[in-house]
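Read the numbers this way: they start at 1 and go in the same order the structure lists the ligands and their atoms.
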Amino acid sequence: MPTNTAAWINAGGARLEVGPAPYTRPAADQIVVRNHAVAVNPLEWIIQVAGRLAYRWLTYPTVIGSDVAGEVVEVGSAVTRFRVGDRVLGHAVGTDKDANRAAEGGFQHYTVLLERMAAPIPDTLSFADGAVLPLAVSTAACALFQSDQLGLRRPTATPESTGRTLLVWGGSTSVGSNAIQLAVAAGYEVVATASPRNFDYVTSLGASRVFDYNSPAVESEIIAALQDREPAGAVALGETSAAACVRIVGASRGNRFVALATPPVSFAHLGGPDRGRFAVPKLIARLVGANIALQIAARRRGVRTKYIFGTTLKANEVSTLVYRDFLPRALAEGRYRALPKPTVVGHGLGDLQHALDLQRKGVSAAKIVVTLD
Ligand SMILES: NC(=O)c1ccc[n+]([C@@H]2O[C@H](COP(=O)([O-])OP(=O)(O)OC[C@H]3O[C@@H](n4cnc5c(N)ncnc54)[C@H](OP(=O)(O)O)[C@@H]3O)[C@@H](O)[C@H]2O)c1
């Protein structure tokens with residue numbers, strides 16, 4: 001049995017601590033991957049600082065981490081798509097309620113992955129490149145393709161235009177970068193928002209127009225741009241995105257649906273040194289208040305909204321659509337790009353806390369990655 005090591009969280013709010021971990025063998029529909037690169041997401045520091053406020057089922061010690069890339073070292077008895085030695089990327093789901101299992105977390109040397117949440121990566125991509133994709137592509141795919149979300153047409157190698165336009169608010173985020181690419185591959189025109197420094201980046205992903213979300217005129221400009229289009233709804237990414245998307249979609253024709261990725265209040269200060277005694281109750285009160293206001297605004301405009309949970313695809317056909325049918329060929333043929341590019345900030349599990357702290361301070365069209373041996 002290989003010797004495993006993990007970056008553990010031993011209690012709610014605790015910092016990562018590197019220590020020994022068991023090597024866990026795969027179930028029939030799982031593979032074990034020796035990780036060579038892991039990426040960090042807002043989700044990971046949110047789970048770290050908010051603990052059971054965000055993930056109330058979590059048992060400690062736990063191993064967080066969603067994005068891994070590495071080599072397959074063992075396959076379950078029912079696995080047909082992978083062999084030992086294959087280079088793969090995968091979405092680790094260890095902190096999900098139905099898993100709640102350290103062996104399935106990303107921040108360790110050996111991670112147990114569901115076969116249907118992993119994809120081969122071509123030789124042209126490094127492990128650091130591969131690690132930027134999983135949670136972001138999963139979340140974008142849940143928003144776009146699940147029937148309880150936007151329910152859009154599926155991506156193909158030769159997309160035919162649907163004649164419809166999707167709004168991606170937060171096009172330079174990791175999730176937005178994938179939402180744009182997936183929507184274009186499914187035949188949708190995409191209009192997006194970003195800071196002006198990222199306009200070229202967002203256009204290079206396939207968006208036809210990009211608007212500055214910090215401009216006071218942004219909503220009226222997007223409403224005007226959608227006037228002669230048939231809107232397909234919106235994906236809302238970023239703290240201020242939900243209310244803006246509800247107002248824009250509410251003022252447009254077409255699909256009156258907004259897929260919500262981001263709660264309207266920030267968890268970032270919870271992990272800071274100035275966290276006061278009443279930080280948690282205050283946050284909950286603001287969260288409830290902001291969500292009620294959002295629902296009232298949506299109802300008044302006849303707009304439906306739903307929060308995305310970026311792992312729900314594992315229980316439906318969207319996981320195989322993305323990780324088996326679309327992504328492997330699209331990556332190999334260069335039709336899909338592993339973006340935003342990795343910014344490698346360390347090497348080894350001991351650098352993961354630094355990586356999380358950097359992600360919490362904020363990034364711009366970049367994915368923070370730590371490489372492992
Ligand atoms: N519900 C889920 O399952 C799920 C899963 C994954 C992510 N998320 C959420 O989705 C959001 C995106 O995640 P991510 O990992 O893709 O983020 P990320 O890459 O860390 O986001 C960084 C980007 O955020 C953009 N940004 C900052 N404030 C914004 C705003 N108010 N409106 C639009 N864009 C803004 C910045 O754009 P500029 O630099 O161009 O200004 C920057 O490029 C986060 O809120 C995250 O918590 C939810």
Side-chain angles (χ1 to χ4, degrees), residues 39-50 54-55 64-67 91-93 95-97 131-144 146 149 167-182 191-205 207 210-215 218-219 222 234-245 248 258-268 270 287 290 305-314 318 339-343 345 355-369:
V40 300
N41 297 281
L43 177 69
E44 278 94 51
W45 58 256
I46 289 172
I47 297 177
Q48 181 173 44
V49 301
Y55 276 47
I64 60 173
S66 311
D67 291 343
H91 183 168
V93 293
T95 46
D96 270 10
K97 190 176 184 181
V132 307
L133 284 173
L135 176 65
V137 78
S138 287
T139 306
C142 290
L144 265 53
Q146 281 189 183
Q149 291 282 348
L167 169 62
V168 177
W169 186 287
S172 65
T173 65
S174 278
V175 178
S177 301
N178 284 278
I180 294 170
Q181 291 193 80
L182 287 172
V191 298
T193 70
S195 290
R197 63 174 173 261
N198 289 321
F199 278 13
D200 287 347
Y201 168 70
V202 172
T203 307
S204 80
L205 296 165
V210 194
F211 299 85
D212 178 1
Y213 63 82
N214 282 311
S215 157
V218 62
E219 291 180 28
I222 297 174
V235 183
L237 302 151
E239 252 169 73
T240 56
S241 62
C245 285
I248 292 167
V258 181
L260 304 170
T262 311
V265 299
S266 171
F267 287 75
L270 275 186
L287 199 56
T305 64
K306 187 165 182 184
Y307 277 102
I308 309 156
F309 197 75
T311 61
T312 47
L313 75 169
K314 75 182 186 189
V318 177
L339 293 172
K341 280 194 180 139
T343 302
V345 300
L356 284 178
D357 295 342
L358 284 177
Q359 206 322 311
R360 183 153 61 90
K361 282 188 193 144
V363 297
S364 180
K367 192 90 187 182
I368 291 183
V369 168

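We find the CG-OG distance between Asn178 and Ser138 to be 9.0 Å, quoted to the nearest 0.5 Å. Atoms OG1 and CG, on Thr139 and Leu43 in that order, are 8.0 Å from each other to the nearest 0.5 Å. Distance NZ/Lys314 to SG/Cys142: 10.5 Å, rounded to 0.5 Å.
Residues Val137 and Gln181 form no side-chain contact, since every pair of their non-hydrogen atoms from C-beta on lies 4.5 Å or further apart. Annotation: side chain of Gln149 is in contact with side chain of Lys306 (closest heavy-atom distance under 4.5 Å).
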Ligand 1 N/O to protein N/O, distances under 3.5 Å:
residue: ligand 1; atom: 1 (N); partner: Ala261; partner atom: O; Å: 3.2
residue: ligand 1; atom: 1 (N); partner: Ile308; partner atom: O; Å: 2.8
residue: ligand 1; atom: 3 (O); partner: Gly310; partner atom: N; Å: 2.7
residue: ligand 1; atom: 16 (O); partner: Ser174; partner atom: N; Å: 2.8
residue: ligand 1; atom: 16 (O); partner: Val175; partner atom: N; Å: 2.8
residue: ligand 1; atom: 19 (O); partner: Ser174; partner atom: N; Å: 3.0
residue: ligand 1; atom: 20 (O); partner: Gln359; partner atom: NE2; Å: 2.9
residue: ligand 1; atom: 26 (N); partner: Tyr213; partner atom: OH; Å: 3.4
residue: ligand 1; atom: 31 (N); partner: Thr240; partner atom: OG1; Å: 2.9
residue: ligand 1; atom: 32 (N); partner: Trp169; partner atom: NE1; Å: 3.3
residue: ligand 1; atom: 37 (O); partner: Ser172; partner atom: OG; Å: 2.9
residue: ligand 1; atom: 39 (O); partner: Arg197; partner atom: NH2; Å: 2.9
residue: ligand 1; atom: 39 (O); partner: Asn198; partner atom: ND2; Å: 3.2
residue: ligand 1; atom: 39 (O); partner: Ser364; partner atom: OG; Å: 2.5
residue: ligand 1; atom: 40 (O); partner: Ser172; partner atom: OG; Å: 2.7
residue: ligand 1; atom: 40 (O); partner: Ser195; partner atom: N; Å: 3.0
residue: ligand 1; atom: 40 (O); partner: Asn198; partner atom: ND2; Å: 2.8
residue: ligand 1; atom: 41 (O); partner: Ser195; partner atom: OG; Å: 2.4
residue: ligand 1; atom: 41 (O); partner: Tyr213; partner atom: OH; Å: 2.4
residue: ligand 1; atom: 43 (O); partner: Ser172; partner atom: O; Å: 3.4
residue: ligand 1; atom: 43 (O); partner: Ser172; partner atom: OG; Å: 2.9
residue: ligand 1; atom: 43 (O); partner: Ala365; partner atom: N; Å: 3.0
residue: ligand 1; atom: 45 (O); partner: Thr262; partner atom: OG1; Å: 2.8

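A distance-only check finds no donor-acceptor pair linking the side chain of Gln146 to the backbone of Val318 [under 3.5 Å].
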